[in-house]
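Notes follow the structure.
Heavy atoms only: backbone and side chains are in, while hydrogens, waters and symmetry mates are out. To find a chain, count down the sequence lines: A is the first, B the second, and so on, and within it residues start at 1. Keep in mind that what you see is a predicted model, and the values were worked out from it rather than measured.
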Protein chains: 2
Amino acid sequence: MLRLDELDRRIVAQLLEDGRASYAQIGDRVGLSAPAVKRRVDRLRSDGVINGFAAVVDPAALGWTTEAFIEIFCTGATSPDEIHSSVRGHPEVVAAYTISGDASALVHVRARDIQHLEQVLERLRREDNITATKTSIVLSRLIGRPIDAPVPTRVTAQ
Amino acid sequence: MLRLDELDRRIVAQLLEDGRASYAQIGDRVGLSAPAVKRRVDRLRSDGVINGFAAVVDPAALGWTTEAFIEIFCTGATSPDEIHSSVRGHPEVVAAYTISGDASALVHVRARDIQHLEQVLERLRREDNITATKTSIVLSRLIGRPIDAPVPTRVTAQ
DNA sequence: AGTGAAATGAACACACC
DNA sequence: GGTGTGTTCATTTCACT
């Protein structure tokens, strides 16, 4: 992998805060001209540091008001690939991880309401690999960055 | 709250895929003129459906290679606000939720490495409200949308 | 790596259908 | 909701350091 200098990190920080900021605007804040910023952003994109740009959308406004984390338990030695194919078909799964500990995987689910969540659970439990689930419903979201990454300015600190 | 029609949802879908798409580009895909798209996007922003735009960044490329979910256990009746103030000071916490079940809260943490994660855990356990923690280290990320919302085209389906 | 200038194209605000 | 116009501004490419 590659090395990011301080300017790169500050550019990324700007684009995390406002993904539609103009190159000139970013340049003002980091002390570079617009073309120089563009070249760095192009490089950051081709290097895979920046994977794109997205609107920050409120799921509740789209009707997704219910959220849960579901621990998935699988038979003996189920591979990550098998778990992946068991959960990928469900659009309500917004994130899934294999984890250490008792469970085989942790999946983050969004549903329209509790009834919908129940349907998702039933559908998941019908998957061959999945032997049991343990659901924790989200009561309130205390912290949640739009992008699941700590602010880059903190990368250098401490 | 407000009602989104099919065009709104398709515009949101476009902006989730490419947050820097031009209004003309979006208009081509949804069958609207550029000014009409801008009017709708402005409305979606002022209505809080779209809360901004952000770069989709690979945390690993910034040096955050270790990730964990930590269940937080608190004393008796600790309020969500108290939990919030216990975790908010830690920049490594990228998300936190109060949840149903045994634990009081679930926090999603990103660290540079295992040593760093251990430091975060020690720091969290030093918080007054927190009596115990249970950590699941992320082994692999199977699914993870940049934005934690299901794709809007699926909102209408099913 | 950086700047600066010139041309293209997008955004924006307007009046209007 | 769609055009159309004009101004402003950003993007992009090029020449140059």
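- Judged as a side-chain hydrogen bond (donor to acceptor under 3.5 Å, both in side chains), and not counting sequence neighbours, Arg39(B) has no contacts.
- In this view, Asp128(A) satisfies the salt bridge (Lys or Arg N to Asp or Glu O under 4.0 Å) rule with no residue, not counting sequence neighbours.
- Asn51(B) pairs by the side-chain contact (heavy atoms from CB on, under 4.5 Å) definition with Val56(A), Asp58(A), not counting sequence neighbours.
- If you measure from atom CG of Leu32(A) to atom P of dA1(C), you get 11 Å, rounded to the nearest angstrom.
- Scanning for side-chain hydrogen bond (donor to acceptor under 3.5 Å, both in side chains) contacts around Ser104(A) gives an empty result, with sequence neighbours left out.
- Put simply, CG on Asp5(A) is 10 Å from C1' on dA1(C), counting in whole angstrom units.
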| Taking protein heavy atoms under 4.0 Å as touching, what does nucleotides 8-13 of chain C look like 5' to 3' if B marks base contact, S marks sugar-phosphate-only contact and - marks none? | --SSS-
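- OP1 or OP2 of dG1(D) has at least one side-chain nitrogen or oxygen of Arg40(B) nearer than 4.0 Å.
- Side-chain atoms of Arg39(B) come within donor-acceptor range of the base of dG2(D), with a qualifying N/O pair under 3.5 Å.
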| query | Step by step, would you call Ser86(A) with Asn129(A) a side chain to side chain donor-acceptor pair (under 3.5 Å)? | reply | CA-CA 7 Å; Ser86(A) 293; Asn129(A) 291 320; 3.1 Å; yes
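- Listed by first then second residue, pairs satisfying side chain to side chain donor-acceptor pair (under 3.5 Å) with a partner in residues 17-36 of chain A read Gln14(A)-Arg29(A), not counting sequence neighbours.
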